Amino acid sequence: EVLLLESGGDLIQPGGSLRLSCAASGFDFSAFPMSWVRQAPGKGLEWLSSVSGGGGNMYYAESVRDRFTISRDNSKNKLYLQMVTLRADDTAIYFCAKDYCSGTSCVNDFWGQGTLVTVSS
Amino acid sequence: QSALTQTASVSGSPGQSITISCSGTRSDVGGYNVVSWYQQHPGKAPKLIIYEDTKRPSGVSNRFSGSKSGSTASLTISGLQAEDEADYHCCAYAGSRFRLFGGGTRLIVL
């Protein structure tokens, strides 16, 4: 059974930094790209970033490109999201998700339950 | 890029069929980019129910079907059941791992 468990969400002041973690189990972690997706309160989903299975290729949405860094440790089956210069509009539930990529697209076939990040003074 | 456009809410009675639309532009939905759909119950994680416009993952009911015409993708749910009440999100894959979500549609089962 694929399991993804996020942690690290917190109440943080504007301008602060935070690192989210996602522990994965139930599949060959290093074989699959992984993503972070967030959902602001009462809003839709927003893809943030993806990383290749080996960790060497990272991709970002324009909205977070200069502030967020995705990484993974395949020896620990863990995915990370380092966030700096946080703003109020970064307040959201952050989901870790496994990617399934075919020849034509990538989708997120398994998701964690999410971790809440609240940016407020 | 702006989010894909979805109707805020739709409703239907048990047994009926409903269709949720997702509108984009030629650079996302209308291009060579494929669309997926996710179901999300309140307080829960999203669940993939349609990928590559029309395909269903293993275990997803065949009451769910996807289609696409031009710059509009659609999700149809037939034989509506109470458990289908949830939010539905469309997503267009734009290449290089980048994907664009819609704003979500709340399905209310009357």
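Numbers restart at 1 for each chain; the letters A, B, ... are given by sequence-line order, proteins then strands. Computed from a prediction, not measured in an experiment: that's the story for all the values here.
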Check: Relative to chain A, which segment of B:Gln6 carries a heavy atom at a distance below 4.5 Å: side chain, backbone, both, or neither?
Finding: neither

Notebook entry, point to check: Can you say whether B:Pro46 sits under 4.5 Å from chain A via the side chain, the backbone, both, or neither, judging by heavy atoms?
Noted result: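 For B:Pro46, backbone and side chain are both near chain A.
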
Notebook entry, point to check: What is the distance from atom CG of B:Leu100 to atom CG of A:Leu45, rounded to the nearest 0.5 Å?
Noted result: 11.5 Å

Next item on the list: Give, for atom OG of A:Ser102 and atom NZ of B:Lys55, the distance between the pair rounded to the nearest 0.5 Å.
Entry: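 It is 6.5 Å, given to the nearest 0.5 Å.
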
Contacting moiety of [X], where chain B heavy atoms sit under 4.5 Å:
X: A:Ser49; answer: neither
X: A:Gln39; answer: side chain
X: A:Asp99; answer: side chain

Note to self: Go through it in stages, so that I can follow the logic: the residues are A:Ser50 and B:Arg99, the test is side-chain hydrogen bond (donor to acceptor under 3.5 Å, both in side chains), and I'd like the CA-CA distance, side-chain angles, deciding distance and then a yes or no.
What the structure shows: CA-CA 10 Å; A:Ser50 295; B:Arg99 57 214 80 172; 3.3 Å; yes

Notebook entry, point to check: Would a distance-only check, ignoring hydrogens and angles, find a side-chain to backbone donor-acceptor pair under 3.5 Å from B:Tyr38 to A:Asn108?
Noted result: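 Yes, B:Tyr38 side chain to A:Asn108 backbone: donor-acceptor pair under 3.5 Å.
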
Margin query: Taking the six-membered ring for Trp, are A:Trp47 and B:Phe98 closer than 6.0 Å centroid to centroid?
Written below: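 Yes, close enough.
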
Item checked: Heavy-atom check, side chain of B:Phe101 versus side chain of A:Val37, under 4.5 Å -> yes

Notebook entry, point to check: So, A:Asp109 and B:Lys47, do they make that salt bridge, N to O below 4.0 Å?
Noted result: no

Notebook entry, point to check: If you take all heavy atoms of A:Trp111 and B:Ala45, which pair is closest and at what distance?
Noted result: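 Taking every non-hydrogen atom into account, CB-CB, 3.9 Å.
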
